[in-house]
Each structure stands twice: as structure tokens, then as C-alpha cells.
2 protein chains.
Amino acid sequence: MHTTNIIKPLSVDSVIFGFEDDQLKVLLIKRIVDKDSGTWALPGGYIKYDEDIDVAAARILEERTGVKVFMKQLGAFGEVNRFPDKRIITIAYYALVKPRNFALSLEDDASAIEWVNVYDLPKLLFDHGIIIEHALRSLRRRVRIEPIGFNLLPNSFPLLSLQRLYESILNTTFDKPNFRRKILKMKLLIPLEEKQEGVAHRSARLFKFDKNRYDKLIDKGFSFEV
Amino acid sequence: MHTTNIIKPLSVDSVIFGFEDDQLKVLLIKRIVDKDSGTWALPGGYIKYDEDIDVAAARILEERTGVKVFMKQLGAFGEVNRFPDKRIITIAYYALVKPRNFALSLEDDASAIEWVNVYDLPKLLFDHGIIIEHALRSLRRRVRIEPIGFNLLPNSFPLLSLQRLYESILNTTFDKPNFRRKILKMKLLIPLEEKQEGVAHRSARLFKFDKNRYDKLIDKGFSFEV
DNA sequence: ATGCATATAGTCTTAATGACTACAAGAATA
DNA sequence: TATTCTTGTAGTCATTAAGACTATATGCAT
């Protein structure tokens, strides 16, 4: 990594959430450089002098994963001793993505990159565990009042997947018929002709999220709520 | 202000909300130093090398107002051109306070310090207007699901004051009997013997917020909602 | 063909909400 | 003193949403 042209006391770290095998996961990398070797960490990097911080966050993630995603800022983490020896304050971001769209590619300074279950994390570098906790809290708050959960699912999905998604984020369970009723009543899902394939039981209808419709409803004062 | 021992590319700015005359207000200062003269701005300062950022935010506010308050981090604002000539990223904080407890004291570099209606702001320094917008959005989200509004009111208050508070924050109106019913049903307010004094109409009973009770209810899964 | 897992439709009860009406209290006024 | 004005406080009624269920439909696997 080049160290010229960066703002030295500031870094960016990203919590990338994905949903895979009915589990909420986080993208982690394991570094091989210097004494951090062997510790899992959030993908991160440094901000350039002539770069907006939001842009820096997106660039760094793209460098590591090849995918451009919209990042939401979580906040700054700046305890005096969070980083050893030096005083580095990090600005954390998070994003919700579809893991299938990610072709994970290793960079020079990483020995591994993996999706890890958010409820079963390894020991993490510095305060990255705390950052993930904060991100999860923020996600839980937002996911209930904004239709952001769909960013974690494929474009078309059965209702039960959506339910499992909310259950794993909110760490709870819902009654199936009731969840179904509530979601469908919002009229935000377009029922497709397609059905599930390759399942060992009655196949479910697939739906897709209707972003257009959502925007219109919002203008009319509608508010999403799960 | 001393410029030694600070982290140069980082500042802290605070949005202090207060409720006065049934209006939601923000604490602003007008600086007289250098070319910023005459522009209203958020109280702010620089972070020291050996100081947590949350502590820096509280210290800076205390220096300007003499009052120690708990600050909530809003996030980092880091557009390349937000600050003229230099690249300075600011971490914004906000807090809810009782204006009566504040003895506003001028510092050397400020020519005025004032509570200003948040819906009628003057032109502000740099991106401070944007920061206030973000703070207001965050406040609106939080105030509906956490009992933080009470921090803006005196310890004892009539129900209508609470209603006016929510109305001014959320920029809406509520039906009086319905608001009353909703709030009282939560059992978070302790009715006092005292009544309003010096009002030209029937005096209302005063209440105080029961923090203890709230903490207990939270443990039982209760969730505050307005 | 039978079981089994999931999909999907619908019922019933209870609680919350929004829109009101009505009356009470007490200072100001006429 | 009587009246009026403003706000406080209690309660009604209809509508809607939520939670806990029951019941039936499909279709693969044995």
C-alpha cells in the first residue's frame, strides 16, 4: 500500500453484510503483513487527501472485492488506544450486499477473505469487533423502518427467505402466515410467475421488490415497518 | 486556542438542541476571529492527541458553555472542499439539553452565543447547515423510539409541554386527548402534586419522567414509541 | 400411496389508533 | 356576579393491525 498522499491519522473500515445459507454474515480478511499476521479484520484502508471520505470507503472496498457498493457511514471510532503505538481514528462504514455477486479476490496483503457468520465471529483486530457490534445495532434499527433488507437477497426470492433474513438480523422468529400477511399488505412485492426449483417440498412463488412503488408510497406518507 | 498537541486534520463540532418557548433551538456562536467574522457557527474545536474523541466533544462544549453533557456522535463529515484551503474532516456530535441550566458565557474568539430556532437558521459557516440537518434527522428518528425528549424539558412539566416538544421536533401536530392517553399508558410519567402556576387558564398537573421505571420496562422487552 | 415439509388461505380475539364529544377548572372580562 | 375564553381531562366509537391459531394445498421422497 502506498503511504504517500494519505491522511495519516485517519483510516476507513467497512462492515460488509451478506446473507448466505439463511445466515447473516460479514466479510472478513486475514492479513499476512507484519505483526497483525493471522488476525481477522475488517477490510479497510486510508483516505487520500483529495478524496471524499464516502468515496474512499467505496474505493477501498472495490479494491478488495471488485464490487462497487453504496456505503452507509456508521461513525468515527477514536479511542486513544484503539490502534497500537500510533493515534489513528477510523471512520467505519457498512453496506448490505448479495454475496453471489461478489467474486472474492485476494490482495497482496491478505491471506484469506471470507464470509463469516456474524453470530460466530473469531477474534478480531483492534476494535473491529466493537465496530461490527455497532454496525449490527444500526442495521437492526434501520432494517425495520427502511426496505434495505432486499439488498441482501437475490433479485427474486420466496417469502420464506425474506422471513429468514429478518429473523437472522433481528435474532427472533416470526409466525409464517402473519409475516406473509404483513409483508404482502404493503404491496411492495411483485409476484412473479417463476417458482422455486430444486426443493424437496411444494415450491414457493418468487417475488421481487418494487422500488418504484416504494418511492411513490413514500411520497404519500407511507412508512415501511417490520 | 492552542494549536500544539492537536490532531490537525480533525475537528469536532457540536449541535446542541434546546427547547425554549415551545420551539426547538440550536446553540450557535458567532466568531470574531479572522475572516470568519460575522458568520454563525456550531461550537467546535480540535481533538488532542491523548484524548478520546467523545471526551474532546464534551470538553469543547464545556469550555464554551460551562456545562458537561453527554454527547451522541452523529458522524464524520469529510467532503474534500468543506473547509477552505485545508483538508479538515470534522466529527459531529449532538446533545439535548435544558437551556435554563446553561449560563451562556462568551469566549475570546466568539462575539455572540445564542439559542436559535432550528427552523429559522441564519447562514452558517462551512457545512454547518448540513450538519444540523443531519442532526435533526437523527434526532427525529431517535426521539420516537427512545425517551430522550425529556432531556429537553425541565424536571417537571405538564403534558402539553411534552406534546409541543414532540410536535416541534417532528414538525407535526397531535390530537391532545390521544397524545395524553398514549403517553400515560406507558406508565413512564410520575404524576406530581404540583400544578402549573401563573397561567391564565386551568392549571395542569405536572409530571416527571421515571427513568428507573423505564429501565425496568426495557428489561421486560418494552419499547418506547411515540 | 403415503408421509412429510412447506406454501398459502383464512378465523378469532384483543389491543391500539384516530377522530371525536363532553365536561371541568379557573383566570380574564364585561 | 355572570360570562367567556382557554386549556385540562375523561370518555366514546369505529376502524385497523397484530398475535395466535386452524385448515387446506402441493409436490418431492420413501
Side-chain angles (χ1 to χ4, degrees), chain A residues 21-23 143-145 147 153-154 156-168 170-208 217 220-226, chain B residues 19 21-23 143-145 147 153-154 156-168 170-209 217 220-226:
Chain A
D21 307 326
D22 281 1
Q23 294 177 340
V143 85
R144 296 188 47 191
I145 53 175
L153 291 176
S156 62
F157 50 84
L159 284 176
L160 191 58
S161 290
L162 187 65
Q163 183 179 337
R164 296 288 178 246
L165 172 66
Y166 278 101
E167 289 176 338
S168 60
L170 301 173
N171 208 13
T172 181
T173 58
F174 294 109
D175 173 87
K176 223 194 298 182
N178 290 345
F179 182 84
R180 185 186 182 78
R181 177 182 56 189
K182 185 164 188 171
I183 295 293
L184 290 179
K185 191 159 36 180
M186 290 193 245
K187 304 276 187 197
L188 289 176
L189 297 185
I190 303 173
L192 304 174
E193 290 308 313
E194 300 170 72
K195 295 204 156 197
Q196 261 181 325
E197 282 175 22
V199 288
H201 53 77
R202 177 176 172 184
S203 66
R205 178 183 287 279
L206 300 183
F207 292 84
K208 76 186 252 242
L217 285 175
K220 291 184 195 162
F222 166 83
S223 68
F224 182 84
E225 201 194 321
V226 174
Chain B
F19 187 66
D21 307 325
D22 280 2
Q23 294 177 341
V143 86
R144 296 187 48 190
I145 53 174
L153 292 176
S156 62
F157 50 85
L159 284 175
L160 191 59
S161 290
L162 187 65
Q163 182 179 340
R164 295 289 178 245
L165 171 67
Y166 277 101
E167 288 176 338
S168 61
L170 300 173
N171 209 15
T172 182
T173 58
F174 295 108
D175 174 88
K176 222 193 301 181
N178 290 346
F179 182 84
R180 184 186 181 77
R181 175 181 57 187
K182 186 165 188 170
I183 296 292
L184 290 181
K185 191 158 35 181
M186 290 194 243
K187 305 277 187 196
L188 290 176
L189 297 186
I190 302 172
L192 304 175
E193 290 309 314
E194 299 168 71
K195 296 204 157 198
Q196 261 179 326
E197 282 176 21
V199 287
H201 54 77
R202 176 176 173 183
S203 65
R205 178 184 287 279
L206 299 183
F207 292 84
K208 76 187 253 240
F209 174 59
L217 285 174
K220 290 185 195 162
F222 167 83
S223 69
F224 182 84
E225 199 191 324
V226 173

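Lettering follows sequence order; numbering is per chain, from 1. All heavy atoms count here, side chains included; hydrogens, waters and symmetry mates do not.
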Student: With side chains defined as the heavy atoms from C-beta onward, is the minimum distance between A/L170 and A/V143 less than 4.5 Å?
Tutor: yes

Student: Taking side chain as C-beta onward, heavy atoms only, is B/L189 less than 4.5 Å from B/F157?
Tutor: yes

Student: Nearest whole angstrom, please: distance from the C1' of D/dA20 to the CZ of A/F179.
Tutor: 17 Å

Student: Whole-Å distance between D/dT7 P and B/L206 CG?
Tutor: 17 Å

Student: Using whole Å, report how far CZ of B/R181 lies from P of C/dA19.
Tutor: 11 Å

Student: Would you kindly give the NE2-to-C1' distance between B/H201 and C/dA25, to the nearest whole Å?
Tutor: 11 Å

Student: Among D/dG8, C/dT17, C/dT8, find the nucleotide with the atom closest to the side chain of B/A204.
Tutor: D/dG8

Student: Quick one: label A/R205 by what it contacts on the DNA or RNA (base, sugar-phosphate, nothing), any heavy atom closer than 4.0 Å.
Tutor: sugar-phosphate

Student: Can you check whether B/F174's main-chain N or O pairs, donor with acceptor, with B/E167's side chain at less than 3.5 Å?
Tutor: yes

Student: Out of D/dA20, C/dA25, D/dG27, which nucleotide sits closest to the side chain of B/R202?
Tutor: C/dA25

Student: Could you tell me the separation between the NZ atom of A/K195 and the C1' atom of C/dA7, rounded to a whole number of Å?
Tutor: 8 Å

Student: Taking atom C1' of D/dA10 as reference, at what distance in whole Å does atom CD1 of B/I183 sit?
Tutor: 17 Å

Student: Please determine, for the side chain of B/P177, which listed nucleotide (D/dT9, C/dA5, D/dG19) has the closest atom?
Tutor: D/dT9

Student: Nearest to the side chain of A/N178, which nucleotide is it out of C/dA16, D/dC21, C/dG18?
Tutor: D/dC21

Student: OP1 or OP2 of C/dT8 less than 4.0 angstrom from a side-chain nitrogen or oxygen of A/R180, does that happen here?
Tutor: yes

Student: Side-chain contact test, heavy atoms from C-beta onward, threshold under 4.5 Å: evaluate it for B/E194 versus B/K208 and give yes or no.
Tutor: no

Student: OP1 or OP2 of C/dA7 versus the side-chain N and O atoms of A/K176: is any pair under 4.0 Å?
Tutor: yes

Student: Between A/D175 and B/K185, which has a closest nucleotide on DNA chain C that is more 5'?
Tutor: A/D175

Student: Base, sugar-phosphate alone, or nothing: which one does B/L160 contact when heavy atoms must sit under 4.0 Å apart?
Tutor: sugar-phosphate

Student: How long is the line joining CZ of B/F174 and C1' of C/dC20, in whole Å?
Tutor: 18 Å

Student: Using the closest heavy atom to pick a nucleotide of DNA chain C for each, name whichever of B/V199 or B/E225 lands nearer the 5' end.
Tutor: B/E225

Student: Are the side chains of B/K176 and B/L160 in contact, using a 4.5 Å heavy-atom criterion?
Tutor: yes

Student: Starting at CE of A/M186 and ending at P of D/dT16, how long is that distance when rounded to a whole Å?
Tutor: 18 Å

